Number of protein chains: 2
Amino acid sequence: MGAITLDDVAIKAGVSAKTVSRVVNGERSVRPQTRERVLRTVEQLGYRPNLLARGLSGSHAYTVGLVYDNPNAYYIIAMQQGALAACDDLHFGLQMRPCNARAATLAEDLRDFVHRSRLSGLVLTTPVSEHMVALRKLAAFGIPFVRILSAARNPDDGYACVFVDDRDAAYAIVSHLLQLGHVRIGLLQGGKHHHASAERRKGYKDALQHYGIPVRKELMIDGDYVFDDGFRGARRLFDLAEPPTAIFGCNDEIAAGALAAAQSAGLHVPYDVSIAGFEDSPFSRHSWPPLTTARQRADAIVERATRMLVAQINGNTVENSGFTPELVVRGSTAPPRPKRQRRQRQ
Amino acid sequence: MGAITLDDVAIKAGVSAKTVSRVVNGERSVRPQTRERVLRTVEQLGYRPNLLARGLSGSHAYTVGLVYDNPNAYYIIAMQQGALAACDDLHFGLQMRPCNARAATLAEDLRDFVHRSRLSGLVLTTPVSEHMVALRKLAAFGIPFVRILSAARNPDDGYACVFVDDRDAAYAIVSHLLQLGHVRIGLLQGGKHHHASAERRKGYKDALQHYGIPVRKELMIDGDYVFDDGFRGARRLFDLAEPPTAIFGCNDEIAAGALAAAQSAGLHVPYDVSIAGFEDSPFSRHSWPPLTTARQRADAIVERATRMLVAQINGNTVENSGFTPELVVRGSTAPPRPKRQRRQRQ
DNA sequence: ATGAAAGCGCTAACAG
DNA sequence: CTGTTAGCGCTTTCAT
């Protein structure tokens with residue numbers, strides 16, 4: 001009925017419980033012969049360690065928490081997969097934790113979360129990872145964490161992180177549009193409280209400047225990382241006296257909204273207007289035409305962060321490391337049409 | 001540093017640990033006056049019960065597992081949200097568990113999962129929930145579970161479930177197309193090992209028969225619940241000597257593929273061809289035109305299943321109950337064009 | 001209505 | 001290299 005315990009194995013193998021514990025946890029100090037015998041007994045009995053007991057007894061529960069405040073389902077799943085890949089490999093458990101990054105008690109909430117389950121540490125994703133006040137408190141609480149954040153270079157602020165160069169990736173996307181011959185390029189921005197938004201805007205501006213194109217305010221539309229804002233923002237761009245010939249949506253959901261807006265306005269993508277996204281979510285592949293975008297390996301990023309966290313928990317120091325999303329060119333971007341040929345809006 | 005324990009509260013409040021335990025767990029047998037004092041101390045100290053200790057000590061860990069084998073990210077997130085809503089409300093924990101429904105050791109894997117964390121029970125989603133052999137084993141292991149499955153009526157097989165009437169919903173979708181005047185309606189099917197696939201096909205056939213339209217083999221295309229199969233399947237339909245004027249994709253991802261295929265073939269949706277999906281995933285809202293679909297409240301369904309499970313764990317018997325996804329009409333479906341007017345394929 | 005004692009299954013800290 | 005002794009923080013069981 002109940003599960004097999006350490007003692008069951010110990011008795012059957014004729015050793016102490018502690019020895020079984022040592023073998024199961026891969027400690028070195030066990031004679032190969034003994035280890036062999038224990039392992040066989042474990043196999044034979046189908047013993048599986050009880051995670052609760054281990055966690056309660058030990059100094060931590062061999063489980064990490066993945067903290068997020070993000071409306072994007074794909075992103076969450078991708079992160080979960082990456083974290084799971086690392087956790088499965090390292091024999092750690094995983095707890096997913098949606099939270100409110102703007103709550104005044106953020107750090108205290110997270111501390112309670114950690115204490116309740118004796119979590120070993122936290123992987124913090126944006127925008128939680130950008131909340132410096134909370135980070136300082138967590139550090140003061142003695143809770144290990146690794147951040148994932150948007151930055152062009154290693155922040156080197158004493159807190160471990162994996163940094164993603166959104167700026168460079170945005171630069172690459174806009175450069176791609178410029179190289180195709182676009183000059184008027186609209187920018188549909190995402191929420192201001194994500195640091196990534198500023199980085200992506202910076203990449204956009206840098207690219208324009210590098211090509212000697214003036215940055216125009218009317219081509220930069222505010223919004224959030226959602227479809228509807230992409231739709232509305234694109235319509236505003238189309239309504240300009242001189243509309244852009246290309247649009248950079250700051251994530252794929254925004255770009256999908258822009259694509260829908262174009263189609264609803266009778267514009268043909270990419271012939272009448274080019275559209276690029278950011279993220280490489282399934283959205284970008286499942287539209288027609290498929291979206292040019294920047295491949296952001298959320299799973300790989302989170303997997304690395306999780307491995308860093310575990311290393312840190314095990315007392316190993318780890319260097320921060322960076323990712324740069326890579327440009328993926330698909331059908332939604334093409335050279336602009338010469339003006340006189342452009343089809344009239346309906 | 002460390003968290004506050006039951007004993008801390010007990011000492012401060014001048015009662016025994018057991019009394020604090022009783023108060024925290026909402027047991028009746030405590031004098032209101034005592035309860036009040038304990039509650040105040042809990043508040044004051046910011047005490048949060050340690051879930052590991054509770055789980056280890058008690059007969060189960062007040063945590064349920066949500067088991068899935070499903071490639072669809074939106075679906076998983078929706079389910080997770082529903083389960084979380086129930087768990088938060090009932091003060092239960094949640095463990096997400098991807099698994100391989102075709103593994104020979106499925107039941108044993110799940111048993112190990114339950115034992116390792118002393119889970120209180122499992123919510124099983126399709127297709128795991130349809131694996132009768134595994135279900136019988138789980139029952140024999142004494143593991144409580146609630147299934148979510150596709151069925152037109154209560155299976156009443158002794159195992160608790162929430163059943164979703166895919167057949168009726170598919171019937172409603174195809175009826176909608178028929179009422180618009182469509183006669184040749186293509187069906188893009190999903191994977192055969194999902195019982196829902198058979199149900200949806202049945203709904204399709206029933207609707208046609210009810211309207212006296214013969215069921216044609218060449219209009220029914222096999223595939224899986226993925227974009228690419230929707231794309232390919234739709235192209236095969238368009239290539240028929242007499243292509244359908246409407247297509248029912250068995251989920252939104254398939255329908256999105258069909259939509260892309262139509263657009264890539266220069267067909268205008270819905271004027272040249274109507275397309276309907278199933279699921280009401282964000283896909284269906286984020287395409288252009290947005291997709292007619294059947295709203296399947298995965299979150300609500302899983303929330304109900306989770307509540308049923310907890311009730312069952314607490315020793316209360318619960319009736320099985322059903323959901324029927326409801327038709328959502330959007331821009332992707334319209335009456336067929338009279339034949340002579342239909343635009344030539346490019 | 002409340003408390004005392006005895007674990008849950010494991011690991012930490014110390015022996016040997 | 002291996003074993004012993006104490007707990008981890010809570011709930012169970014049985015008293016009172």
Side-chain angles (χ1 to χ4, degrees), chain A residues 1-38 42 45-63 91 93 112 114-120 313-315, chain B residues 1-38 42 45 47-63 91 93 112 114-120 313-314:
Chain A
M1 178 61 240
I4 291 94
T5 72
L6 206 59
D7 281 328
D8 297 337
V9 178
I11 292 166
K12 184 111 193 268
V15 295
S16 76
K18 183 61 199 168
T19 298
V20 179
S21 171
R22 286 198 175 93
V23 171
V24 169
N25 292 305
E27 285 177 37
R28 301 242 147 257
S29 57
V30 179
R31 211 176 351 145
Q33 186 185 332
T34 315
R35 130 176 275 101
E36 203 49 54
R37 186 150 37 93
V38 170
V42 163
L45 262 44
Y47 167 71
R48 298 286 177 278
N50 179 319
L51 265 27
L52 298 181
R54 170 189 284 179
L56 182 59
S57 173
S59 50
H60 60 107
Y62 296 92
T63 295
H91 300 290
D112 288 350
V114 167
H115 282 170
R116 286 168 68 90
S117 301
R118 285 205 162 203
L119 296 186
S120 314
I313 290 162
N314 291 332
Chain B
M1 175 61 240
I4 291 95
T5 72
L6 207 59
D7 281 327
D8 297 336
V9 178
I11 292 166
K12 185 111 194 270
V15 295
S16 75
K18 181 59 201 167
T19 299
V20 178
S21 171
R22 286 197 176 94
V23 171
V24 169
N25 292 306
E27 285 176 39
R28 300 241 144 259
S29 56
V30 179
R31 209 169 359 139
Q33 186 185 333
T34 315
R35 129 178 275 103
E36 204 47 54
R37 185 150 36 94
V38 170
V42 163
L45 261 45
Y47 166 70
R48 299 283 177 280
N50 180 318
L51 266 26
L52 299 180
R54 170 189 283 180
L56 182 60
S57 175
S59 50
H60 61 107
Y62 297 91
T63 295
H91 300 290
D112 288 350
V114 168
H115 283 171
R116 286 167 67 91
S117 301
R118 284 205 163 201
L119 296 186
S120 313
I313 289 163
N314 291 333

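These numbers were taken from a predicted model, which means no experiment stands behind them. So that the names make sense, note that chain A is the first sequence line, chain B the second, and so on, each numbered from 1.
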Between [N] ([atom2]) and [X] ([atom1]): distance, integer Å:
{"X": "A/L6", "N": "C/dA12", "atom1": "CG", "atom2": "C1'", "result": "14 Å"}
{"X": "A/R54", "N": "D/dG9", "atom1": "CZ", "atom2": "C1'", "result": "19 Å"}
{"X": "A/K18", "N": "C/dT11", "atom1": "NZ", "atom2": "P", "result": "6 Å"}
{"X": "B/L51", "N": "D/dG9", "atom1": "CG", "atom2": "P", "result": "14 Å"}
{"X": "B/N25", "N": "C/dA1", "atom1": "CG", "atom2": "P", "result": "17 Å"}
{"X": "A/I11", "N": "C/dG9", "atom1": "CD1", "atom2": "P", "result": "12 Å"}
{"X": "B/H60", "N": "D/dT11", "atom1": "NE2", "atom2": "P", "result": "11 Å"}
{"X": "B/I4", "N": "D/dC8", "atom1": "CD1", "atom2": "P", "result": "16 Å"}

Counting side-chain heavy atoms from C-beta on, which of [options] comes nearest to [X]?
{"X": "B/T19", "options": "D/dC1, D/dG9, C/dT2", "value": "C/dT2"}
{"X": "B/T34", "options": "C/dT2, C/dG3, C/dT11", "value": "C/dT2"}
{"X": "A/S59", "options": "C/dA12, D/dT11, C/dT11", "value": "C/dA12"}
{"X": "A/R31", "options": "D/dT2, D/dT12, D/dT11", "value": "D/dT2"}
{"X": "B/N50", "options": "C/dC10, D/dT11, D/dG9", "value": "D/dG9"}
{"X": "A/T5", "options": "C/dG9, D/dG9, C/dA4", "value": "C/dG9"}

Should [X] be listed as having a side-chain N or O under 4.0 Å from OP1 or OP2 of [N]?
{"X": "A/R35", "N": "D/dC1", "answer": "no"}
{"X": "A/S21", "N": "C/dT11", "answer": "yes"}
{"X": "A/S16", "N": "D/dG3", "answer": "yes"}

Just verifying a value: how many Å separate [X] [atom1] and [Y] [atom2], rounded to the nearest 0.5 Å?
{"X": "B/T19", "Y": "B/R35", "atom1": "OG1", "atom2": "CZ", "value": "11.0 Å"}
{"X": "A/H115", "Y": "B/T5", "atom1": "NE2", "atom2": "OG1", "value": "12.5 Å"}
{"X": "A/I11", "Y": "A/L6", "atom1": "CD1", "atom2": "CG", "value": "10.0 Å"}
{"X": "A/D112", "Y": "A/S117", "atom1": "CG", "atom2": "OG", "value": "11.0 Å"}
{"X": "B/S57", "Y": "B/L52", "atom1": "OG", "atom2": "CG", "value": "12.0 Å"}

Open item on the list: Quick check: on DNA chain C, is the nucleotide nearest B/A53 upstream (toward 5') of the one nearest B/R28, or the reverse? Name the residue that is more 5'.
Closed with: B/R28
Open item on the list: If you assign each of A/L52 and A/Y62 to its closest nucleotide in DNA chain C, which residue comes earlier from the 5' end?
Closed with: A/L52
Task: Check: A/S29 side chain, D/dC1 base, donor-acceptor under 3.5 Å - done: no
Open item on the list: Go through it in stages, so that I can follow the logic: the residues are A/V15 and A/T34, the test is side-chain contact (heavy atoms from CB on, under 4.5 Å), and I'd like the CA-CA distance, side-chain angles, deciding distance and then a yes or no.
Closed with: CA-CA 8 Å; A/V15 295; A/T34 315; 4.0 Å; yes
Open item on the list: Classify A/Y47 by what it touches in the nucleic acid, base, sugar-phosphate, or nothing, heavy-atom distance under 4.0 Å.
Closed with: sugar-phosphate
Open item on the list: Assuming nearest nucleotide by heavy-atom distance, tell me which of B/L56 and B/R22 is located more 5' along DNA chain D.
Closed with: B/L56
